[in-house]
Amino acid sequence: MRRLQPPGRLLTVLVALGLVTTSAAPAAAEVEAGGTRPPESVRLLAKAAADECFAGVGVDYPAGPPCAVGQAKVNQSYVWGLAKAGRKLWFGTGANVLCLKPEGYNVREPILNDDYACEFANSQPARQNPALPANLGDHRPPEVYTYDLTDEQLTERTADVTEASPADAALLRSTAGLRSGAAHRGVVLLAGPSLVAGINLFAFDTFTGNYLGSTNLADYENIRHFAVADGVLYAGVGMGTNGGDAGRVLRWTGDRTNPFAFAVVGDLPTQAADIAAHKGRLYVTTWPKAIVEGAATTADNTADLGSLWMSPPLADGEPGLNPPDATGWTQVWSPAEYEPDPVVRRTYALGGLASYGGYLYWGTMHVPLQATALHVRVYPPKNQQQLQATVENTQRAFVVLRGRDFGDAEETVETLYGESELPAFDPTANNGVGAWETTPTGVTPAHGRSGFGDPYNLYAWKMTVAGGRLYVGTMDFAYIALEGEMPAEPEPGYDPPTFGSDLWSFDVPGRPARAVDKTGFGNPLNQGVRTMVAEGSTLYVGMANPMNLRTDPNSHLGGWELVKVTRR
């Protein structure tokens with residue numbers, strides 16, 4: 001059973017969000033993992049630059065950089081949407097993502113430490129625009145880039161959008177971040193949720209490089225990933241506030257002359273996350289339905305959970321999925337099959353998935369503190385000791401599973417990395433006071449503990465096959481949770497934690513995964529492997545690094561990174 005002790009910074013975050021109250025140096029050319037020389041080499045291709053000066057919370061931003069007053073700050077934190085077209089990578093960014101909280105978080109106080117600042121309502125944009133919600137006070141418009149793989153040149157393309165027309169510029173300014181990207185049939189699409197309503201899309205011609213325009217799809221509220229199956233491009237989206245009401249799968253029916261045409265081919269009860277083709281069908285991982293205040297949060301309605309969904313066969317009827325297929329999707333796995341605590345399972349999100357070796361692999365995601373916040377709402381702690389127990393027992397590292405033959409008599413689902421038992425809360429224990437009890441999950445993990453043995457590995461964020469291997473990129477929360485200070489001893493049953501996201505590889509189906517790197521590719525501030533695209537046996541990786549105050553060139557640096565991982 002894992003015990004998370006909330007240090008000062010984590011407790012500060014809990015308080016700032018209103019959840020509780022109280023009385024690099026650049027990556028080296030080659031990275032060694034676990035003391036051995038891995039069969040992959042790693043090279044940093046591009047890095048976010050400082051773009052603002054910071055002189056303190058609530059202080060107007062001085063001119064620069066360079067900064068004669070204050071310190072340099074790097075707002076662009078994620079390579080969020082990434083696509084490859086020919087010899088170019090196209091990507092869009094997300095700024096200060098750690099500070100952008102979904103609607104419903106009761107943001108209270110700014111967060112300021114040596115690594116990052118979240119000003120919330122005290123930011124200069126929020127003070128100049130009182131209508132801007134506090135949870136969006138740290139928003140900055142996303143940026144667009146290309147990276148030429150032939151001449152190894154990074155080119156910013158944001159001005160292609162902002163100078164096209166006032167409407168295009170306004171749409172980009174109102175985009176929370178360019179969260180997804182795709183390249184298909186001569187068009188690059190970069191898309192993300194709007195701060196106002198809907199999702200915003202921006203299109204480029206991959207042959208000429210010209211900007212094709214933008215649009216807002218008002219019926220949808222979130223978009224994370226695209227996938228191509230049998231020559232057709234699909235996307236998963238959400239509906240309602242932050243996408244939390246329902247989900248849809250869209251088929252792109254556009255072209256270079258009309259890049260924003262879509263048809264609905266999947267109708268899901270929860271918002272779509274990642275999407276992949278496997279054995280003649282599409283599979284989608286989802287995030288859970290939004291939890292409304294006062295709702296029966298312990299009810300076991302599995303349709304509301306973050307789940308794995310399977311499409312009808314792509315070969316049925318007309319080629320690919322079409323509107324008549326929208327209601328034919330089947331739920332094939334949910335966390336009710338694993339997580340014993342009914343409140344915690346309501347917060348499980350599903351992340352990366354990929355087809356590999358005849359199996360479909362997928363993983364879970366656990367937004368930091370979300371399960372804690374929900375448990376506090378459902379079962380309010382009566383004292384500090386009970387609050388501590390809730391924090392300790394609601395933390396989860398990601399689970400990795402694989403399955404095949406879904407819907408058939410031979411259906412098989414295996415838990416590869418997970419737990420055989422987890423804490424679950426019994427509200428009737430101790431005469432109604434409640435107590436946490438160790439409870440079987442009903443599974444025996446085949447290869448090891450959750451999070452690949454690291455309790456701070458919270459997201460199985462992205463999975464991609466390259467060169468006959470399945471790569472899994474993680475989000476590692478250790479640096480933030482532990483305030484950059486390693487514990488004296490690892491938690492019982494787990495390996496010592498590491499700072500920086502992980503990249504793991506399943507080299508052969510049926511065997512345990514191998515750590516390619518567990519150090520954020522040499523930068524412990526690299527919190528996550530957010531996105532990946534493959535070219536043969538080479539991976540291009542977009543990193544998430546929200547440490548916006550870490551701009552000293554003599555130390556590890558904050559801001560997004562674009563990394564190349566090459567098989568030797």
Exercise for the section: Could you list all the salt bridge (charged side-chain N to carboxylate O under 4.0 Å, His left out) pairs where at least one residue sits in residues 277-288, not counting sequence neighbours? Expected result: none
Practice task
Examine distances only and state if a side-chain atom of Gln370 and a backbone atom of His366 form a donor-acceptor pair shorter than 3.5 Å.
Solution key: no
Handout entry: Backbone of Asp341 reached by a side-chain donor or acceptor of Thr439 within 3.5 Å
Key =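 The answer is no, because no donor-acceptor pair under 3.5 Å joins these two groups.
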Does any donor atom in the side chain of [X] or [Y] lie under 3.5 Å from an acceptor atom in the other side chain?
X      : Y      : value
Ser501 : Asn526 : no
Glu561 : Asn545 : no
Gln395 : Thr372 : yes
Thr175 : Asn200 : yes
Gln271 : Arg248 : no
Ser307 : Gln331 : yes
Glu419 : Ser450 : yes

Regarding [X] and [Y], does a basic nitrogen lie under 4.0 Å from an acidic carboxylate oxygen?
X      : Y      : value
Glu339 : Arg396 : yes
Arg469 : Glu40  : yes
Lys462 : Asp274 : yes
Glu535 : Lys84  : yes

I want to check something: taking the side chain as every heavy atom from C-beta on, are [X] and [Y] in contact at a cut-off of under 4.5 Å?
X      : Y      : value
Asp230 : Pro319 : no
Tyr348 : Leu305 : no
Pro445 : Tyr417 : no
Leu154 : Tyr145 : yes
Phe425 : Thr394 : no
Leu189 : Phe226 : yes
Trp90  : Leu82  : no
Tyr147 : Leu149 : yes

Handout entry: Set of residues satisfying side chain to side chain contact (heavy atoms under 4.5 Å, CB included) with respect to Glu221, sequence neighbours excluded
Key = Ala197
Problem - Counterpart residues, side chain to side chain contact (heavy atoms under 4.5 Å, CB included), relative to Thr330 (two or more places apart) - result: Met310, Val332
Aromatic contact, [X] with [Y] (centres under 6.0 Å):
X      : Y      : answer
Phe452 : Phe398 : yes
Phe506 : Tyr356 : no
Phe406 : Tyr283 : yes

Practice task
Mind running side-chain contact (heavy atoms from CB on, under 4.5 Å) on Leu178 and Trp80 for me, showing each step along the way?
Solution key: CA-CA 6 Å; Leu178 294 170; Trp80 225 355; 5.5 Å; no
Problem - Trace of the side-chain contact (heavy atoms from CB on, under 4.5 Å) decision for Tyr338 with Val413 - result: CA-CA 11 Å; Tyr338 170 77; Val413 173; over 6 Å; no
Looking only at heavy atoms, which two atoms of [X] and [Y] are closest? And how far apart?
X      : Y      : value
Pro423 : Asn393 : CB-OD1, 3.2 Å
Trp560 : Thr93  : NE1-CG2, 3.7 Å
Asp502 : Asp476 : OD1-OD2, 3.9 Å
Ala303 : Thr270 : O-CG2, 3.4 Å
Thr286 : Ala272 : CG2-CA, 4.2 Å
Leu539 : Ala466 : CD2-CB, 4.0 Å

Exercise for the section: Apply the test side-chain contact (heavy atoms from CB on, under 4.5 Å) to residues Leu401 and Trp333: give CA-CA distance (whole Å), side-chain angles for both, the deciding distance (0.1 Å), then the verdict. Expected result: CA-CA 10 Å; Leu401 307 100; Trp333 187 86; 3.8 Å; yes
Exercise for the section: Identify whether NZ of Lys or CZ of Arg in Arg402 sits under 6.0 Å from the centre of the six-membered ring of Tyr359 and within 45° of that ring's axis. Expected result: yes
Practice task
Tell me, please, whether Trp252 has Arg185 positioned over its six-membered ring: NZ or CZ under 6.0 Å from the ring centre and within 45 degrees of its axis?
Solution key: no
Exercise for the section: For the pair Trp436 and His375, evaluate ring pair (Phe, Tyr, Trp, His ring centres under 6.0 Å) and give the outcome as yes or no after the intermediate values. Expected result: CA-CA 12 Å; Trp436 290 92; His375 241 285; 4.8 Å; yes
Interatomic distance, [X] atom [atom1] to [Y] atom [atom2] [nearest 0.5 angstrom]:
X      : Y      : atom1 : atom2 : result
Asn301 : Ser334 : CG    : OG    : 10.0 Å
Leu458 : Met475 : CG    : CE    : 4.5 Å
Leu282 : Tyr234 : CG    : OH    : 5.5 Å
Trp362 : Ser355 : CH2   : OG    : 12.0 Å

Handout entry: Tyr459/Val367 under side-chain contact (heavy atoms from CB on, under 4.5 Å): CA gap, chis, key distance, verdict
Key = CA-CA 8 Å; Tyr459 294 5; Val367 176; 3.7 Å; yes
